[in-house]
*Asks:* 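Quick one: the structure is below, questions incoming.
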2 protein chains.
Amino acid sequence: MAKSRRSPQRRKEALSRESIIGASIELLDSTGEAGLTFSALSEHLATGAGAIYWHIANRNDLLVAACDAIIARTMGEHVVRATPRETIRELATRMFDAMDAHPWVGAVLVRVAGQLPMVRIFERIGQQVRALGVPGDKQWVAVSAILNYILGVGGQNAANAQFASVQGLDRAKFLDEVSTAWSQLAPDQYPFARSVAGHMRTHDDRVDFIAGIDLILNGIRS
Amino acid sequence: MAKSRRSPQRRKEALSRESIIGASIELLDSTGEAGLTFSALSEHLATGAGAIYWHIANRNDLLVAACDAIIARTMGEHVVRATPRETIRELATRMFDAMDAHPWVGAVLVRVAGQLPMVRIFERIGQQVRALGVPGDKQWVAVSAILNYILGVGGQNAANAQFASVQGLDRAKFLDEVSTAWSQLAPDQYPFARSVAGHMRTHDDRVDFIAGIDLILNGIRS
DNA sequence: ACCTGAACACCGTTCAAGT
DNA sequence: ACCTGAACACCGTTCAAGT
């Protein structure tokens, strides 16, 4: 009110690490990992390309920060489950859903070994593995098995999503194509791949993912 | 002999897809994934950059082909083991060793869902899971669990190797640094990560990897 | 302290021209 | 048919100059 003049739509608020990360996530969700360029990002933020470097170190830093923002959200919310086993299932399912909603997360996650986003997941699952009563010297292997399985699935999902989007196919169409390709492999060399080609066409990724978690949990128990 | 003149050292034989893939693998092993550029590769092959495109479609095609060459070698050799379980352990161990010797393979592998290199591994493990007596409708989940675990570990190893090489550290020094970082996390937020920080410093990746495979195999049996 | 935007070095890919 | 190498479009990052 005191201000005599305001631009009709304030074009931007002060740039900040948070606003940059937020814009990056939007960009990553809509255009994939390759879509996160400094020119697209600076346009999105109505600023110069170089300005971004005042707040972040480099592109990789930005990618990890964006990934960590998703993971912090995903792992942050409280879990209300009766048993450690159910809690682990819940956490794993959340991870699946997060990587499904943001396919680039899976791809980034597999390259940030030992860094913050991974530690968050590791910690959360680790506490439950401990609560499960797994002896101390077996906890590392148990948690690693669950975590690496999640990362593997995440990477694959990211690859599927990227491959499908490059070809302009939706997910179902894409899986259908892969399934067809597998069913046409040489019968003497690829009998197993052929035999499960049909399953790939009809299966529910999410259900199979959780079945895999259950399988590993059974292995942990024994 | 009929030839009047030969260049003292024939600078190159005819370019071929195979020779390009071979040179790519050398380059990838020595300089990592970022080191595979068309300028480095064409220099290595004593040819022009554009010539390579006569034999391969693009950089990604080349990366997948290089990866597949390693996987074909790794999965190709015959396994002489008494039981399906031992055979799976052997195949998984080979994968670990291959990804350890060629860290870029893990990174490439997680992005080629459904394509040839992955199908090779899938098939090989699938046949053994079938031999294990797993019922038909559970085979997909069982194989996926093993495969995704391997991919997860491979991705992590690739990330570790790349991170370590960027910082000019050897693997042991690098793990030592991560271990120290984990042990300094906030005790109330990261009790589990802190508790296993010591294990990370001393553990044998390969041994723990196989322990994870055994854990999954136990889950499959139950 | 924070931002601008031109400049730099480098990259994958294309393509007219050669053999 | 296969190769050359200059040209193109694009990228992450830097930095002198502004406010």
Side-chain angles (χ1 to χ4, degrees), chain A residues 3 5-7 10-25 27-28 30-67 104 107-108 111-112 162-163 166-167, chain B residues 3-7 9-25 27-28 30-67 104 107-108 111-112 162-163 166-167:
Chain A
K3 274 272 187 70
R5 202 179 88 86
R6 251 190 298 182
S7 53
R10 52 202 162 116
R11 298 212 316 266
K12 59 177 166 150
E13 330 189 341
L15 217 51
S16 70
R17 192 174 160 88
E18 282 66 42
S19 65
I20 293 171
I21 292 170
S24 298
I25 291 174
L27 211 49
L28 286 161
S30 60
T31 60
E33 194 185 323
L36 182 70
T37 67
F38 279 81
S39 80
L41 186 57
S42 58
E43 195 181 351
H44 207 81
L45 289 163
T47 184
I52 296 166
Y53 281 88
W54 187 262
H55 302 275
I56 62 136
N58 51 46
R59 185 175 187 270
N60 191 61
D61 177 36
L62 184 54
L63 229 27
V64 173
C67 177
W104 52 274
V108 174
R111 313 184 226 136
V112 294
Q162 203 251 351
F163 209 81
V166 164
Q167 303 197 349
Chain B
K3 273 274 186 69
S4 61
R5 203 179 86 87
R6 251 190 298 183
S7 52
Q9 45 191 41
R10 54 202 161 113
R11 299 211 317 266
K12 58 177 167 149
E13 331 187 342
L15 217 51
S16 69
R17 191 174 161 88
E18 281 66 42
S19 65
I20 293 171
I21 293 171
S24 298
I25 292 174
L27 211 50
L28 286 161
S30 60
T31 60
E33 193 185 323
L36 182 69
T37 66
F38 279 80
S39 80
L41 186 57
S42 59
E43 195 181 351
H44 207 81
L45 289 162
T47 182
I52 296 166
Y53 281 88
W54 187 262
H55 302 276
I56 62 136
N58 52 44
R59 185 173 187 272
N60 193 61
D61 177 36
L62 184 54
L63 229 28
V64 173
C67 177
W104 52 274
V108 173
R111 314 184 223 135
V112 294
Q162 203 252 351
F163 208 81
V166 164
Q167 304 198 347

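Order of the sequence lines fixes the chain letters, A, B, ..., with proteins taken first and strands second; residue numbering starts at 1 for each chain.
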*Asks:* Out of curiosity, A:L62 CG to A:I56 CD1, how far, rounded to the nearest 0.5 Å?
*Replies:*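 A:L62 atom CG to A:I56 atom CD1 measures 4.5 Å (nearest 0.5 Å).
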*Asks:* So which nucleotide does C:dA1 pair with, by the Watson-Crick or G-U wobble rule with both distances under 3.5 Å?
*Replies:*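 Checking every strand shown, C:dA1 finds its partner in D:dT19, with both distances under 3.5 Å.
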*Asks:* Distance check needed: D:dC10 P versus A:L41 CG, whole Å only.
*Replies:*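 Taking CG of A:L41 and P of D:dC10, I get 18 Å after rounding.
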*Asks:* Mind calculating the distance between CG (B:D61) and C1' (C:dT13) to the nearest angstrom?
*Replies:*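 After rounding, the gap between these two atoms is 14 Å.
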*Asks:* I want to verify a distance call: between C:dC3, D:dT14, D:dC3, whose nearest atom is closest to the A:H55 side chain?
*Replies:*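 Output: C:dC3.
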*Asks:* Look at all strands and tell whether B:I56 reaches a base, only sugar-phosphate, or nothing, counting heavy atoms closer than 4.0 Å.
*Replies:*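 The answer is nothing, as B:I56 stays clear of every strand by at least 4.0 Å.
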*Asks:* Considering only side-chain heavy atoms of A:N58, which listed nucleotide, C:dT13, D:dT13, C:dC11, is closest?
*Replies:*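 Closest nucleotide to the A:N58 side chain: D:dT13.
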*Asks:* Between B:E43 (CD) and D:dG5 (P), how many Å, whole number?
*Replies:*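 Those two atoms, CD and P, are 13 Å apart.
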*Asks:* Looking for any heavy atom pair under 4.0 Å, which part of the strands does B:L62 touch: base, sugar-phosphate only, or nothing?
*Replies:*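 Answer is nothing: B:L62 stays at 4.0 Å or more from every strand.
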*Asks:* Tell me which of B:T37 and B:A51 sits closer to the 5' end of DNA chain C, going by the nucleotide each one is nearest to.
*Replies:*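 On the 5' side of the pair lies B:T37.
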*Asks:* What residues form a salt bridge (Lys or Arg N to Asp or Glu O under 4.0 Å) with A:E43, not counting sequence neighbours?
*Replies:*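 Not a single residue meets the salt bridge (Lys or Arg N to Asp or Glu O under 4.0 Å) criterion with A:E43.
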*Asks:* Counting only side-chain heavy atoms from C-beta out, which of C:dC3, C:dT13, D:dT13 sits nearest to A:R59?
*Replies:*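 Between C:dC3, C:dT13, D:dT13, the one nearest the side chain of A:R59 would be D:dT13.
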*Asks:* Output the rounded distance in Å from CD1 (B:I52) to C1' (D:dG5).
*Replies:*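 In whole Å, D:dG5 C1' and B:I52 CD1 are 12 Å from each other.
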*Asks:* With the side chain of B:L15 defined as its heavy atoms from C-beta on, choose the nearest nucleotide among D:dT13, D:dC3, C:dC11.
*Replies:*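 The closest nucleotide is D:dC3.
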*Asks:* Would you kindly compare A:S39 and A:G50 by the position of their nearest DNA chain D nucleotide and give the one closer to the 5′ end?
*Replies:*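 Final value for this comparison: A:S39.
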*Asks:* State the pairing partner of D:dT13; accept Watson-Crick or G-U wobble contacts with both distances under 3.5 Å, and report none otherwise.
*Replies:*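 The answer is C:dA7, by the H-bond criterion.
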*Asks:* Could you check how far CG of A:L45 sits from P of C:dC2, rounded to whole Å?
*Replies:*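 Atom CG in A:L45 sits about 16 Å away from atom P in C:dC2.
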*Asks:* Could you tell me the separation between the CD1 atom of B:I20 and the C1' atom of D:dC3, rounded to a whole number of Å?
*Replies:*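 About 11 Å, once rounded to whole Å.
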*Asks:* Quick one: CZ on B:F38 to CG on B:L45, what's the gap to the nearest 0.5 Å?
*Replies:*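 Between atom CZ of B:F38 and atom CG of B:L45 there are 11.0 Å.
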*Asks:* Taking the side chain of A:Y53 as heavy atoms from C-beta outward, which of C:dG12, D:dT13, C:dC11 is closest to it?
*Replies:*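 Given the options C:dG12, D:dT13, C:dC11, the side chain of A:Y53 is closest to D:dT13.
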*Asks:* Which pairs, with at least one residue in residues 32-42 of chain B and sequence neighbours excluded, count as a salt bridge (Lys or Arg N to Asp or Glu O under 4.0 Å)?
*Replies:*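 Non-adjacent pairs meeting salt bridge (Lys or Arg N to Asp or Glu O under 4.0 Å): B:E33-B:R111.
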*Asks:* Between C:dT13, D:dT4, C:dA1, spot the one nearest the side chain of A:W54, thanks.
*Replies:*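 Given the options C:dT13, D:dT4, C:dA1, the side chain of A:W54 is closest to C:dA1.
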*Asks:* Under 3.5 Å, is there a donor-acceptor pair between the side chain of A:T31 and the main chain of A:L28?
*Replies:*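 Looks like no, no N/O pair under 3.5 Å.
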*Asks:* Nearest of C:dC11, C:dC3, C:dT13 to any side-chain atom of B:F38?
*Replies:*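 The answer is C:dT13, which lies nearest to the side chain.
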